[in-house]
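Computed over heavy atoms, backbone and side chain alike; hydrogens, waters and symmetry mates excluded.
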Amino acid sequence: ILKKFPRNISHLRNYIHEITEGTLRGEILLEQSDQCEDLDYIERGMNQIIDEMASQIETIEEKYREEQKLRKMVEKRNRALLDAEQYRATVQSVGKTFGHLGDSLTILRMRLLIMRSQSRSARDTMEINESISGLDSIGEILTRLTDISELQTESYRELVESPDQQKLAI
């Protein structure tokens with residue numbers, strides 16, 4: 001076969017080299033394969049190998065596409081979990097801050113009540129009562145803020161103007 005069909009052997013060699021380099025073109029056609037049983041056998045065998053390789057490449061590419069889809073889904077889920085954790089941490093931090101503010105307000109209110117009971121002038125008592133009233137207003141706002149169920153970006157003015165909303169403006 002080597003002596004009789006040197007161009008076909010060279011053609012096969014080049015084609016195999018192309019395959020090893022990553023190029024997979026269509027069917028291989030050998031010269032005079034219809035005249036020689038051996039060449040026909042080689043041609044059919046090579047084309048069968050090429051078909052199987054193409055099928056395997058297609059399978060690998062499909063698996064790769066599926067893996068990419070799964071990878072994107074996992075990344076999206078991980079981002080959602082991270083966002084949820086950040087949200088939870090923010091809500092928890094805000095809640096602790098309100099708790100500390102409430103504690104401080106309670107102490108201030110108790111001291112103002114003690115000062116009011118020890119007050120000797122009506123003017124001092126009136127100023128202390130105004131301070132207590134201001135603290136009570138702040139306490140009411142803190143109470144509403146502790147009942148928050150959702151954090152959203154809104155202006156503080158909107159929160160104050162519509163106190164029935166159960167959202168915190170940040």
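Look at E140 and R144 and you find no salt bridge, because none of the NZ, NE, NH1 or NH2 atoms lies under 4.0 Å from a carboxylate O. With salt bridges taken as basic N to acidic carboxylate O contacts below 4.0 Å, none links K63 and E67.
A continuous path of Ile, Leu, Val, Met, Phe, Trp and Tyr side chains, each step under 4.5 Å between heavy atoms, connects I57 with M46, placing both in one hydrophobic cluster. Hydrophobic clustering (ILVMFWY, side-chain heavy atoms < 4.5 Å, transitive): I28 and I49 are in one cluster. Cluster membership for L113 and M115, using ILVMFWY side-chain heavy atoms within less than 4.5 angstrom, is shared.
Annotation for R109 and L135: closest pair N-CD1, 3.7 Å, computed over non-hydrogen atoms.
Taking CG from L142 and CD1 from I138, the interatomic distance works out to 7.5 Å, rounded to the nearest 0.5 Å. The line from CZ of F98 to OG of S93 is 9.5 Å long, rounded to the nearest 0.5 Å. Note that CD of E43 and CD1 of I50 are 9.5 Å apart. Values are rounded to the nearest 0.5 Å.
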(message) One pair to check against side-chain contact (heavy atoms from CB on, under 4.5 Å): N78 and E75. What are the steps and the verdict?
(response) CA-CA 5 Å; N78 286 344; E75 287 173 3; 5.7 Å; no
(request) Using the side-chain hydrogen bond (donor to acceptor under 3.5 Å, both in side chains) rule, take S133 and D136 through it: C-alpha gap first, then chi angles, then the decisive distance, then the call. (result) CA-CA 5 Å; S133 176; D136 289 342; 5.8 Å; no
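The side-chain heavy atoms of M73 and L70, taken from C-beta on, include a pair separated by under 4.5 Å. Under the 4.5 Å side-chain criterion, counting only non-hydrogen atoms from C-beta, Q68 is in contact with Y64. Looking only at side-chain heavy atoms (C-beta outward), L30 and I42 come within less than 4.5 Å of each other.
In this structure, L81 stands alone, with no Ile, Leu, Val, Met, Phe, Trp or Tyr side-chain heavy atom under 4.5 Å from its own, directly or through other members.
Looking at E27, its side chain never comes within 3.5 Å of a backbone N or O of N47 through a donor-acceptor pair. The backbone N or O of D51 lies less than 3.5 Å from no partner atom in the side chain of S55, so there is not a single donor-acceptor pair.
The salt bridge (charged side-chain N to carboxylate O under 4.0 Å, His left out) contacts involving residues 79-99 comprise E85-R88, where partners must be two or more places apart or lie in separate chains.
When E18, R13, H17 are each tested for a side-chain contact (heavy atoms from CB on, under 4.5 Å) with Y15, only one passes: E18.
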